[in-house]
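For reference, the structure discussed in these notes is given below.
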Amino acid sequence: QVLRENGAISDAVVTSHRFENLDGQGNWSEIRRLVPEYSKPESGGPRSMIVKIGINIEGSEQNPTLHREIAVVNEREVRFYQDFAAECGLNTPKNYFSAYDPETAEAIYLLEDSGHLKTIDKADSCSLDDGRAALLSLANMHRTWWDSEQVGKQLWLRNYGANIPPKLAQEWFEQRIDSFFEMGGDSVPKGLESIARKFLPKLIEVAAEVATAPVTLSHGDYQPTNMFFDDSQDIENRVVVFDWQTAGRVRCSEDVSSFIASGFDVASRREYEQQLLAEYHSVLLDGGVTGYSYDEFQNDFRLSLLLNMVKRINSTVRNIEASQRNEEILAHEMGIAERLQVVVDWNCDEVIPK
């Protein structure tokens, strides 16, 4: 029925289907590939699709705060796919079906399968071409929704400059900061600890500043692990972006900093970043954005790097503790955390409010 309503099939019917597990997909959500069998061939019938069950953490019903946050996140992604995906300015998987139940906070999606495209592991480094494609595509979305009244009316969009409520992010950061630097040891970039501790009491203030005008539509977790790359297409249309649970209306620097900080090893990032940032900003201006200088953009970029640092530290400690400090996972996570060198390289302590 869903495929027929979407025009994917007309005469054929789905006679059976099977599920395939996807390794390494979904930290909090259940994600599987669905492979249908049809009664007759139809050119539009997808060979496979992705079924995603929204965030569902066992026992969350007994924690009202956590349950409420899960409900907000699940509703946000469903609303994005229903209301914004087709015209957001970035390529997203086709949404065959999505629904949210406010009573149970459950969500479900049936999406286009882009698994045939190239992926980049979070421990790997993007090429310059892939980095350019990701940031030029991002600039197209940002300039499309720059200070948009329509974005401002979408109350379901996240309206704070952190991927979770800033007070909660600060609480987790305070709980995990000691563990991060204890576990990281010599692998932690020199100078990062002093910046992190200086930023801790200012997190909420900076998260609020990054959510003030000029704002635009933001993905919220714009990193290569949430993208597919199609090498056969032109550079501005070769990226397909998924996982919109943290979509928001904040400054553009949030997405840019997330990609620069996560997408490259330290050496590659140092080599590419100035070119990529300048090209991104130029696309904004060419698309009609005014009153936003490159100096302002760089200042916002540094503020957002600080918020990205908090997210990285919180997630690193969570993943390591969940593995009961497994040595292999510890080494893997801290290897990725070395990319926080970007916070030191950009002297981000200089933009922390007094």
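All heavy atoms count here, side chains included; hydrogens, waters and symmetry mates do not. Everything quoted here is computed from the prediction, not taken from an experiment.
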Under 3.5 Å donor-acceptor, [X] side chain and [Y] backbone:
X      : Y      : value
Arg4   : Ala12  : yes
Glu75  : Tyr100 : no
Asp265 : Ser125 : no
Ser323 : Asn326 : yes
Ser39  : Val13  : yes
Arg143 : Leu285 : no
Glu296 : Ser293 : yes
Asn74  : Ile55  : yes
Gln223 : Gly263 : no
Ser194 : Gly191 : yes

Any side-chain heavy-atom pair of [X] and [Y] under 4.5 Å:
X      : Y      : value
Arg132 : Glu279 : yes
Arg270 : Val266 : yes
Leu136 : Asn140 : no
Tyr160 : Val250 : no
Lys311 : Asp221 : yes
Trp244 : His219 : yes
Glu69  : Pro165 : yes
Glu37  : Arg18  : yes

Take atom [atom1] in [X]; do more than 12 heavy atoms of anything else shown fall under 6.0 Å from it?
X      : atom1 : answer
Gln324 : CD    : no
Gln1   : CD    : no
Glu328 : CD    : no
Glu42  : CD    : yes

Asp113: partners by side-chain contact (heavy atoms from CB on, under 4.5 Å), with sequence neighbours left out =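 Listed in chain order: Arg33, Ser48, Ile50.
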For Thr119, all residues meeting side-chain contact (heavy atoms from CB on, under 4.5 Å), sequence neighbours excluded |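 Per chain and number, Thr119 pairs via side-chain contact (heavy atoms from CB on, under 4.5 Å) with Phe228.
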Would you please test Arg76 and Thr246 for side chain to side chain donor-acceptor pair (under 3.5 Å) and show each step?
-> CA-CA 7 Å; Arg76 183 185 297 137; Thr246 53; over 6 Å; no
Please assess Glu254 against Tyr222 for the test side chain to side chain contact (heavy atoms under 4.5 Å, CB included), listing each intermediate value before the final yes or no.
-> CA-CA 8 Å; Glu254 177 187 64; Tyr222 199 74; over 6 Å; no
Classify the ring geometry of [X] against [Y]: parallel below 30°, tilted from 30° to 60°, perpendicular beyond 60°.
X      : Y      : answer
Phe259 : Phe264 : perpendicular
Phe84  : Phe80  : parallel
Phe19  : His17  : perpendicular

Using the rule that Ile, Leu, Val, Met, Phe, Trp and Tyr join whenever any side-chain heavy atoms are under 4.5 Å apart, tell me whether [X] and [Y] fall into a single cluster.
X      : Y      : answer
Phe229 : Leu128 : yes
Leu111 : Leu3   : no
Phe180 : Ile336 : no

Give a yes or no on whether a salt bridge exists between [X] and [Y], defined as a side-chain N under 4.0 angstrom from a carboxylate O.
X      : Y      : result
Arg176 : Glu321 : no
Asp178 : Arg197 : yes
Lys118 : Asp130 : yes
Glu333 : Lys122 : yes
Arg47  : Glu20  : no

List the steps, then state whether side chain to side chain contact (heavy atoms under 4.5 Å, CB included) holds for Arg312 with Arg339.
-> CA-CA 10 Å; Arg312 172 60 63 194; Arg339 298 183 183 188; over 6 Å; no
Identify the two heavy atoms, one from [X] and one from [Y], that lie closest to each other, and give their separation to 0.1 Å.
X      : Y      : result
Val78  : Ala99  : CG2-O, 3.6 Å
Ile329 : Asn319 : CG2-O, 4.2 Å
Asn163 : Gly220 : CB-O, 4.4 Å

Can we call the ring centroids of Phe199 and Phe173 under 6.0 Å apart?
->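 No.
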Go through the steps for Arg325 and Glu182 under the test salt bridge (Lys or Arg N to Asp or Glu O under 4.0 Å), then give the verdict.
-> CA-CA 12 Å; Arg325 300 206 179 197; Glu182 177 265 318; 3.0 Å; yes
Quick one: do Leu157 and Val151 satisfy side chain to side chain contact (heavy atoms under 4.5 Å, CB included)? Show the steps, please.
-> CA-CA 8 Å; Leu157 284 171; Val151 166; 3.8 Å; yes
Kindly determine whether Arg238 and Asp129 satisfy salt bridge (Lys or Arg N to Asp or Glu O under 4.0 Å), including the steps that lead there.
-> CA-CA 10 Å; Arg238 64 190 282 182; Asp129 284 346; 5.1 Å; no
Working for side chain to side chain contact (heavy atoms under 4.5 Å, CB included), residues Leu135 and Leu138 = CA-CA 5 Å; Leu135 287 175; Leu138 179 67; 4.0 Å; yes
Does a donor on one side chain and an acceptor on the other come within less than 3.5 Å for Thr212 and Arg251?
->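 Their side chains do contain a donor-acceptor pair, which is all the 3.5 Å distance test asks for.
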